[in-house]
Amino acid sequence: MTIIGNPEIGLYTGKLPKGCELCRLGSKLVLFITGECDDNCYYCPVSEDRFGKDKIFANETEIKDLEDVLYEAYRMRALGAGITGGDPILKIDRVVEIISLLKSEFGSNFHIHLYTTGRYVNDDVMKELVNAGLDEIRFHPIRDEYLNAIKIASKYNIDVGIELPSIPNEEDRIIKLIEWAKENNIKFVNLNELELNSRNYLHLNARGFHVSHGITGVKGSFDTAYKIIRRFESDKKIVVHYCSSIYKDLVETRTRFFRMIRYSSKPYEEYTEEGTIIRALIKANGFINEIEEFGEQHNLNQYYVMPRIVNYLLEKYKNNIDEVYIIEEHPDSRRLKISEKLIYTKSQNS
Ligand code: SF4
């Protein structure tokens, strides 16, 4: 076997887990089911506004009603969902309800994976998850006593893996865990590049960890993961996969954004290489019939149109157009505005 991939994005041996394969296509809905967790890892990547709070997010959008998760999944034509948190098992009823809802709406091929420490996973929990239709479970066993949950899960007919950060210089501990996973027929081990964020940076800095890769990747994390991958590159019993912070920070979100643009952008919206949407806002001093045909009326005498036809409209309706703005936004349902630039005013051009 050889090592496949690119160190900037990710490396793996063997076959990528299905959940990761779909994530790489930008087709996985990220479902943050609760911020509650009874563990307290010093490197926890969950942000301040989510950790410990019982909030639900579908991709970047906060959800109040579980049915709204379906809307988000439709917007990106998701082929699956990754359920994360916090520890989702703390809200097992909610998890079971949403798995059942997604499977009944999108069918049994809609692939669902879930992350947990395993702290609360037992036979009853596994039965509920598997009966609801869970396809893949990934454990983050931060204590040895959580390993028993992985053994329990491996008795069920779903894919079982381990996912943990690649902490610099901890290769001996991680290799020991991978050997244990092999003995227990675990399918894969995902190693995430250790990430520094505004919530964990003091704890990481205190341990001598600093960013050196992309915006958040900690120095030495890749080197540790690479040594481990090399060690298992010819091993046929287990797949080891390294996922970089750059992939998570940039590629994953951007790929998902392009998918949303493809399936749910408006005809008058154009897109950028970064996966953002741009449109022009025209403020006129009266109703202009033709502009409406090119786009959409936003407000009284205000229209959204494609940026590329602004010059044509300005030539034709110079006297009627007061201002033109170019707006750049994220394509997801929050429509986070990145910029709004005034590119034309009648007063300065008359
Ligand atoms: S188990 Fe996960 S969510 Fe909980 S503290 Fe650790 S990293 Fe954060």
Side-chain angles (χ1 to χ4, degrees), residues 17 19-20 23 28-60 62-63 81-92 94-95 98 112-122 125-126 129 134 136-150 152-153 160-168 170 173-174 177 180-181 186 188-207 209 211 215-218 221 224-225 241-245 247-249 252:
C20 298
C23 176
K28 271 258 162 171
L29 176 81
V30 181
L31 190 50
F32 183 91
I33 210 76
T34 179
E36 291 179 3
C37 176
D38 287 342
D39 287 285
N40 194 12
C41 308
Y42 69 86
Y43 50 75
C44 181
V46 182
S47 63
E48 197 72 63
D49 63 321
R50 293 190 185 193
F51 187 77
K53 306 190 171 76
D54 192 19
K55 291 181 176 179
I56 308 172
F57 290 85
N59 294 329
E60 289 76 20
E62 189 168 357
I63 297 289
I83 300 177
T84 178
D87 188 353
I89 305 303
L90 283 169
K91 298 290 167 196
I92 182 71
R94 186 182 294 168
V95 169
I98 196 65
I112 303 179
H113 71 268
L114 175 142
Y115 301 88
T116 174
T117 58
R119 181 189 262 260
Y120 298 114
V121 172
N122 55 28
V125 165
M126 281 309 300
L129 292 171
L134 186 71
E136 184 181 298
I137 188 163
R138 300 166 174 207
F139 289 93
H140 175 206
I142 53 180
R143 298 181 191 192
D144 285 352
E145 58 261 38
Y146 297 172
L147 292 177
N148 196 40
I150 310 181
I152 293 172
V160 179
I162 289 176
E163 182 150 336
L164 67 164
S166 166
I167 299 176
E170 290 206 3
R173 182 184 65 84
I174 297 171
L177 183 62
W180 178 91
I186 305 307
F188 62 88
V189 173
N190 279 355
L191 301 173
N192 294 325
E193 186 172 28
L194 186 61
E195 287 178 69
L196 188 139
N197 65 23
S198 58
R199 185 167 153 255
N200 70 15
Y201 79 97
L202 286 176
H203 295 290
L204 292 187
N205 287 168
R207 286 167 170 82
F209 297 149
V211 168
I215 312 165
T216 60
V218 165
S221 179
T224 296
H241 170 212
Y242 159 76
C243 186
S244 83
S245 61
Y247 176 78
K248 287 192 198 310
D249 291 341
E252 181 190 350

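Numbering of ligands and ligand atoms starts at 1, following listing order.
- Looking only at protein heavy atoms, the nearest one to atom 8 (Fe) of ligand 1 is Cys44 SG, 2.3 Å.
- Within the 4.0 Å heavy-atom criterion, the part of Cys37 lying near ligand 1 is the side chain and not the backbone.
- Among protein heavy atoms, the minimum distance from atom 2 (Fe) of ligand 1 is reached at His140 ND1, 3.9 Å.
- Taking a cutoff of 4.0 Å between a charged side-chain nitrogen and a carboxylate oxygen, Arg94 and Asp54 qualify as a salt bridge.
- Here the shortest heavy-atom pairing between Val218 and Glu193 reads O-OE2, 4.2 Å.
- Of all the atoms in ligand 1, the ones that sit under 4.0 Å from a non-hydrogen atom of Pro45 are 7 (S).
- Taking backbone and side chain together, Cys41 holds an N, O or S atom under 2.8 Å from atom 6 (Fe) of ligand 1.
- A salt bridge links Asp39 with Arg119: the closest approach of a Lys/Arg side-chain nitrogen to an acidic carboxylate oxygen falls below 4.0 angstrom.
- When only modelled atom types and interatomic distance are considered, Tyr115 and Asp87 share no side-chain donor-acceptor pair under 3.5 Å.
- In terms of protein heavy atoms, atom 1 (S) of ligand 1 is closest to Thr117 CG2, 3.2 Å.
- Applying the 4.0 Å criterion to heavy atoms of Asp39 picks out, from ligand 1, the atoms 5 (S).
- Under the 4.0 angstrom criterion for non-hydrogen atoms, Gly35 is not in contact with ligand 1.
- Distances shorter than 4.0 angstrom do not occur between any heavy atom of Asp87 and any atom of ligand 1.
- At least one side-chain heavy atom of Leu177 sits less than 4.5 Å from a side-chain heavy atom of Leu147.
- We find that Lys91 and Glu36 are joined by a salt bridge, their nearest charged nitrogen and carboxylate oxygen being less than 4.0 Å apart.
- Side-chain N or O atoms of Asn205 include none that pairs as donor or acceptor with a backbone N or O of Leu202 at under 3.5 Å.
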